[in-house]
Chemist: 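This structure is in structure tokens; I'll ask about it shortly.
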Amino acid sequence: MAEFQEISLKKGREKMLSRRHPWIFSGAVAGGMEAADNGAVVIVVSSAGNYLATGHFQKSSIAVRLLSFSDPAIDQAFYENRIQSAVDFRKNVGLEPKDKDTNCFRLINGEGDGLPGLIADFYNGLIVLQYHSYGMHRQREFIETAFAEVMGKSAHGIIGFVQGLDIVGINDNQPQDQFNQGDGQEVTETGIKYLINPFKGQKTGFFLDQRDNRVLLRQMSQGMRVLNTFSYTGGFSLNALKGGAMEVVSVDSSSYASEMCKINEQVNGFSGENHEIVTGDVFEFLKEDPREFNVVILDPPAFAKSRKKSHNAVQAYKRLNREGLKKVKKGGFLITFSCSQVIASQLFEDTIRAAAIECGRPAKIIKRLGPGTDHPVSVFHPEGHYLKGLLVHLDG
Ligand code: SAH
């Protein structure tokens, strides 16, 4: 294995690998970090020099993102296998590129699909990649060729972005023009159309993780007054309209999001008469708008980006949920989310309890919510469970 750069672990640390967590922190490393190139494929060896795993090295606190525990070669065939199995199981759960009802979904969910550092979303033939590690970005040719091989005719383009890396821009030869001219790619999610623009939008252009929860809202919207806060391009709002809501109010601080929300409303043929789109701050809206609603959705951006910030984030979630709860009519519902990786499910639930206590309302958890089947989480990597939500009923 002389052709691979080696990262050796401190004595006794090889046991960690039996837990199959996909990250090796720099504190566990004895040697090899100085010599290794940022983003190189490295093999991880025990203090006795035995092969343990292969991964991408990065000069950061996560020193190695593990890709394989058996296979030193990380080449195009490796990526093809991983991508093929990701595509296969999605088909088994009803997500297929050519499906008429839903032609957008997450294709690769990082660690959950055995590819730490890589996100891939499928938008009706367009694959949008996010490289979160130098290692993935260095192997982008393998990766993009592997996607083209596996997806064949069901994909017509690939765009690659870097995320949180010190590399400027996007890959070469990208289909940028269609996005600079228009509003982008049209996709269908559970029968509702959206325009996606990966160059202007957040994430890869759309929040695919909320698909099932949007459908849940649709099922409960008949005749309801619905407040959708942090509405982005209208995912929840359009589902409420489709479900027969009497009135929908969408609130987002981004004027791009509001514009897209309006366009998406029109693309789907809704009149807009019973849909008010407010461009503004949610906290101010909740303080100032006197209306009450049957259903209130709170889907804020991640308040905590790191563990250090989690205390402040908990306070912000509590405040937001307290104000949101006040807007729910008796007998109504709160649908509330956190997408902060560092806020675990139990802590989130405790925070909602604290908010309900503060506003003195009897609240019942009816359902615990999460992302759809295209967002697998490795059992060895619980940190991957970032999106958590609660459907709460208020009977008083
Ligand atoms: N629910 C959305 C996704 C929400 S993403 C969906 O299903 O697609 C979070 C959104 O919150 C972003 O659109 C961002 O513009 C908006 N946002 C962030 N801070 C805000 C604030 N203080 N007030 C209003 N909107 C805010």
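This chain uses plain numbering: 1 for the first residue, then up along the sequence. Whatever order the structure lists ligands and atoms in, that order sets their numbers, starting from 1.
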Chemist: Kindly identify the option in F207, F285, Y256, F337 whose heavy atom sits closest to atom 5 (S) of ligand 1.
Modeler: F207
Chemist: Which protein non-hydrogen atom lies closest to atom 4 (C) of ligand 1, naming both residue and atom, and how far is it?
Modeler: F230 O, 3.1 Å
Chemist: Which protein non-hydrogen atom lies closest to atom 25 (N) of ligand 1, naming both residue and atom, and how far is it?
Modeler: S253 N, 3.0 Å
Chemist: Identify, for atom 10 (C) of ligand 1, the protein heavy atom at the shortest distance, and state residue, atom and that distance.
Modeler: D252 OD2, 3.4 Å
Chemist: Under a 3.5 Å distance rule, please check whether Y134 uses its side chain to pair with a backbone N or O of D166 as donor and acceptor.
Modeler: yes
Chemist: Please report, to 0.1 Å, the donor-acceptor pairs under 3.5 Å made by any side chain of residues 68-78, with sequence neighbours excluded.
Modeler:
residue: S68; atom: OG; partner: S70; partner atom: N; Å: 3.1
residue: S68; atom: OG; partner: D71; partner atom: N; Å: 2.8
residue: D71; atom: OD1; partner: A73; partner atom: N; Å: 3.4
residue: D75; atom: OD1; partner: A77; partner atom: N; Å: 3.3
residue: D75; atom: OD1; partner: F78; partner atom: N; Å: 3.0
residue: Q76; atom: NE2; partner: E80; partner atom: OE2; Å: 3.0

Chemist: If we check side chain to side chain donor-acceptor pair (under 3.5 Å) with S250, which of these qualifies: H275, E276, K262?
Modeler: H275
Chemist: Between D299 and ligand 1, does any nitrogen or oxygen pair lie at a separation below 3.5 Å?
Modeler: yes
Chemist: Could you pull out, from Q210, M260, R214, the option with a heavy atom nearest to atom 6 (C) of ligand 1?
Modeler: R214
Chemist: Supply the atom-to-atom distance S221 OG to M246 CE, rounded to the nearest 0.5 angstrom.
Modeler: 11.5 Å
Chemist: So which protein heavy atom does atom 12 (C) of ligand 1 come closest to, and at what separation?
Modeler: Q202 NE2, 3.2 Å
Chemist: Relative to the heavy atoms of F236, which atoms of ligand 1 are at a distance of less than 4.0 Å?
Modeler: 1 (N), 7 (O)
Chemist: Considering heavy atoms of the protein only, find what lies nearest to atom 18 (C) of ligand 1 and give residue, atom and distance to 0.1 Å.
Modeler: P301 CG, 3.5 Å
Chemist: For the residue pair H21 and F25, does the interplanar ring angle fall in the parallel (under 30°), tilted (30 to 60°) or perpendicular (over 60°) class?
Modeler: tilted
Chemist: Ring centroid separation for H393 and F333, is it under 6.0 angstrom?
Modeler: yes
Chemist: Could you tell me whether some N/O pair between G235 and ligand 1 is separated by less than 3.5 angstrom?
Modeler: no
Chemist: Starting from atom 22 (N) of ligand 1, which protein heavy atom do you reach first, and at what distance in Å?
Modeler: D281 OD1, 2.7 Å
Chemist: For P376, run the side-chain contact (heavy atoms from CB on, under 4.5 Å) check against R106, E111, R90 and tell me which one passes.
Modeler: R90
Chemist: Identify, for atom 23 (N) of ligand 1, the protein heavy atom at the shortest distance, and state residue, atom and that distance.
Modeler: V282 N, 2.9 Å
Chemist: Does atom CG of D395 have more than 12 heavy-atom neighbours, drawn from other residues, nucleotides or ligands, at distances under 6.0 Å?
Modeler: yes
Chemist: What are the atoms of ligand 1, with element, lying closer than 4.0 Å to any heavy atom of S254?
Modeler: 15 (O)
Chemist: Do I119 and I108 make a side-chain contact, defined as non-hydrogen atoms from C-beta onward lying under 4.5 Å apart?
Modeler: no
Chemist: Quick check on contacts: which atoms of ligand 1 are under 4.0 angstrom from a heavy atom of G280?
Modeler: 23 (N), 24 (C)
